[in-house]
2 protein chains.
Amino acid sequence: MPPRRPTAQDVAKLAGASRSAVSMVMNGTADGNVAPETQERIRRAAAALDYTPHPIAAGLRRQRSEMIGLVTDEAASSPFAGRMLSGASQAASDRGYLTVIADAGGPGEDTSHYIEELRRRRVDGLILATTSLRTLRAPEGLRLLPSVLANCHDEPLSLDAIMPDEYRGGREATEHLVSLGHRRITWIGGGDDVDARPLRIRGFQQALSAAGLPPGEVVPAGWDINDGFTAALPLFSAGPDRRPDAVFCANDRVAAGALLAARTAGLAVPGDVSIMGYDDQRHLAEATVPGLTTMALPHEEIGRVAANRVVDRIEGGGPSVPAGAAPQAVLLQCRLVVRGTTGPRLPGA
Amino acid sequence: MPPRRPTAQDVAKLAGASRSAVSMVMNGTADGNVAPETQERIRRAAAALDYTPHPIAAGLRRQRSEMIGLVTDEAASSPFAGRMLSGASQAASDRGYLTVIADAGGPGEDTSHYIEELRRRRVDGLILATTSLRTLRAPEGLRLLPSVLANCHDEPLSLDAIMPDEYRGGREATEHLVSLGHRRITWIGGGDDVDARPLRIRGFQQALSAAGLPPGEVVPAGWDINDGFTAALPLFSAGPDRRPDAVFCANDRVAAGALLAARTAGLAVPGDVSIMGYDDQRHLAEATVPGLTTMALPHEEIGRVAANRVVDRIEGGGPSVPAGAAPQAVLLQCRLVVRGTTGPRLPGA
DNA sequence: TTGAAAGCGCTAACAT
DNA sequence: ATGTTAGCGCTTTCAA
C-alpha cells in the first residue's frame, strides 16, 4: 500500500512557515514574497520529508492537467510509431508534461472517439499522429484545444502539421546517386495509396533534370520485398548497356527485394548497380548484406517538434491556431544514411 | 480557448436535484439512493449540457488518478514496442484507465528516474516493459505501488512478470518442422546476449528428442540478416546428403539471411530446405519471397495481460503482490504462423 | 513580508 | 429517499 505522502501542510509545519509560502517556494514564485531564510527552511523541510507537490491537486486548482494526448492510428503495426512516441514523450517530459496515449488500432479507424476520451480526461493539448504520411479530415474535437497533426495534414490546412520533407528527400537521395556518377537511374515501387510516393518521385525527377539528365523511368510495384524483387529482376537481367546504373526504391523493403534480385541476376552491389532505399526501417536497412543506403524519415524529430509545438500553444494560451495566424505546415528534413548499397560503378562493369 | 465546461452543480440546478445525486447517477451508485425519476431528469440534464464529470477533481477526492504508467527501455528502436503499447493502452482504456508513457531511450538506460517521475504524478500502477526479453533488478519504486513486469522478470521473482513462453515456442516450431518430415534440423544464430535464445534452443532439442531424433546441431551467429546469410551459406553449400533438411533460425532477420543464402546456393525453399524464423517481425516476415514461416511473439497480448493485471491489483487495493501470495510469472503462448518457407521436402531433391 | 481564506469540482459520510 | 457538509491538496488573492 502506498505510504501516505506528506502534504504542503506537513512541510509548512516542519519549517514553521505557512502553506502558501511552501507553495510559492515549490513553484519558484517565492522571491520577493518569502524571506530567503524561510525559503531555505522550507526547502530543507521538503527534502527531509521527501515532499513533492500533488500534481492532481495543483491541476484542479490551475485548471490544467499538464498532460498531452497522443492519438495514433495504428501504433501496433508500424515499425516507425515507436520513434514518434518516444520523441514526443521525451520532449513533453522535458517541458513538464506527461504523455498519454490512445491507439485506434488500425489505419482506417476513426480516431475521434479517442480524441473525445482524452478531452474528457482534460488533457491540455493533443497530437494526432499517423503511421504513414496521409491527408485526412481533422476531427472536430481537435479544434477545441491546442493540437497539431504529426505525419499527416488536412486539406485545406486548418491545423499545424509536422511532416517529413519527402520532396526534398527524394531530391537529395537522387543527388547522392548522381554525385556517384550514375546517369541511368530507375525508380522502383510504391502504389498510389501513399501520399509520400508522388513527392519522392517529384524530387527524383527534379534532381535528374537539375543535373541535365532526361527524366528517369518509373516502374510501379507494391511496397514489399517481393514487389521489389519482382520489379527489379527483369531490369537487372537486361544487358549491361540497357540496365540501370542505379535504382531508387520506394522504400527499404522494396530495396531489400531489389538487392535480392541483383544477387539473383549475378550483379554486384554496388559494383554493377547501386541501390537506394527510403525510410531507414530499423532492423531491416542496417541488417541486409550489404547495409542499405537510405533516406531516414525523421520520425523521432516529428514527435519532438509536435510535442514542443503543442506545449507552446498551451502555454501561449490560445486554441490550436492563434486567431489571425495561419496554420503552418512544418517540413522536417530526411537524413541520408550511406551504407553499402551505393557507390561508384566499377570501371570493369 | 476551451469553452467553460458545465459542472455537476450546473446539472443539479437544471435537473432540480442535488449535487450529490448527480454524482451518484454519474457513478452508477444511485440505485436505492435516488428516486428513479430524479435519476432520469439528471441524466437528461447531463446530456443536454454535454456534461462529463471532471476526472481530475474526482481523482483528487478519491485519491486515484485512474492512470497507469508504462515505462519502456527503448520504444524508439524496436519494431515490437508498438504492439505492447497498443495492447496495454487498449486494455487499460477498456477498464477506464489512461496510459501514460515514459521511454528511457535505450536498452541499458536506467528506468528508475522515469518510475519516480510517474509516481510523482500519482499514477495508480506501473508496467515496466522491455523490448527484448531480459532479467533485471526491479527498481525499488515499483514495489511502492501495484506493478508488473512485461517481457522481463527479476531474479528471484519479486514481482509479477508477463513473458512469452519461449521454451514452448521453440518446441512447437520444431514440432512443425518434424511433422513435415524433416529429420536433420540445424539451429542458426543468436548470441548469448539475449535471454530468449537458450530457452528456444532447449525447446528445439526437447522436441527433437521427443521425436526420437538425435540432438540438433547449433550454429552460433548474430541476430541480423547478414549473420544468417554468413552462417547458412556453408551449410547449404554442402552436398545433398550432408546438408540440413531444415534450419530453425534464432529470429526472422537471421531467417531472411538464410533465405538469401539458400537462393545463392541454388537451393529451392522449401523444396530443398525449409526455413523457420522467430518473432513475426512486421514488415519483414510477411515481406520476404516467399513469406517466412515463424513463431509470433505475443507482444500485444503481453501488453494486454500486463495492463489487466495491474488494474486488478489496483482495484484489489493491495501492493504489487498481495501479502502472502507469491509473485507469479505468466508465460503466454507464441503462435505458429505458417507462410511459405516451410514445407515437405520434395522427392526429387 | 507573511498568513488566512476562498475556492478548483468532486465524492462520501452524515443529517434530515 | 434526499439534501447538506466536509474535505481531497493545492494556488492565489487579499488582509494584516
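The basis for the numbers below is simple: all heavy atoms, side chains too, and nothing from hydrogens, waters or symmetry mates.
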A:Arg95 and A:Asp312 ion-paired at < 4.0 Å: yes

Sugar-phosphate, base or nothing in reach of B:Gly59, heavy atoms under 4.0 Å: nothing

Interface residues of residues 37-48 of chain A with DNA chain D (non-hydrogen, below 4.0 angstrom): none

Angle by which the axis turns from one end of the helix from C:dT1-D:dA16 to C:dC14-D:dG3 to the other, five pairs per end, to 10 degrees: 50°

Gap between atoms NZ and P, on B:Lys13 and D:dG3 respectively (whole Å): 15 Å

Modelled atom types, side-chain donor and acceptor of A:Thr29 and A:Asn27, under 3.5 Å: no

Distance-minimising heavy-atom pair for A:Leu331 and A:Pro164: CD2-O, 3.9 Å

Under 3.5 Å side-chain donor-acceptor pair for A:Arg5 and A:Thr52: yes

Side chains of B:Ser158 and B:Arg143, donor plus acceptor under 3.5 Å: yes

Per-nucleotide protein contact string for nucleotides 10-16 of chain C (B base, S sugar-phosphate only, - none; heavy atom under 4.0 Å): BBB----

Qualifying residues under ring-ring contact (aromatic ring centres under 6.0 Å, His included), relative to B:His299, sequence neighbours excluded: B:Phe80

Counterpart residues, side chain to side chain contact (heavy atoms under 4.5 Å, CB included), relative to B:Glu301 (two or more places apart): B:Pro298, B:Arg304, B:Val305, B:Leu332

First encountered from the 5' end of DNA chain D, between B:Val34 and B:Gln63: B:Val34

Euclidean distance, atom CG of residue B:Asn33 to atom P of D:dT4 [Å, nearest integer]: 16 Å

A:Glu40 bridged to A:Arg44 by N-O distance under 4.0 Å: yes

Atom-to-atom span, CG of A:Leu60 to P of D:dT11 - whole angstrom: 11 Å

Side chain to side chain, B:Glu66 and A:Arg121, heavy atoms closer than 4.5 Å: yes

NE2-CG distance between B:His153 and B:Leu133, expressed to the nearest 0.5 angstrom: 6.0 Å

Distance, rounded to the nearest Å, where B:Arg64 contributes CZ and D:dG9 contributes C1': 18 Å

Distance-only check: which donor-acceptor pairs under 3.5 Å involve side-chain atoms of residues 100-108 of chain B, not counting sequence neighbours?
{"residue": "B:Asp103", "atom": "OD1", "partner": "B:Thr72", "partner atom": "OG1", "Å": "2.7"}
{"residue": "B:Asp103", "atom": "OD1", "partner": "B:Glu74", "partner atom": "N", "Å": "3.4"}
{"residue": "B:Asp103", "atom": "OD1", "partner": "B:Ala75", "partner atom": "N", "Å": "2.7"}
{"residue": "B:Asp103", "atom": "OD2", "partner": "B:Gly105", "partner atom": "N", "Å": "3.3"}

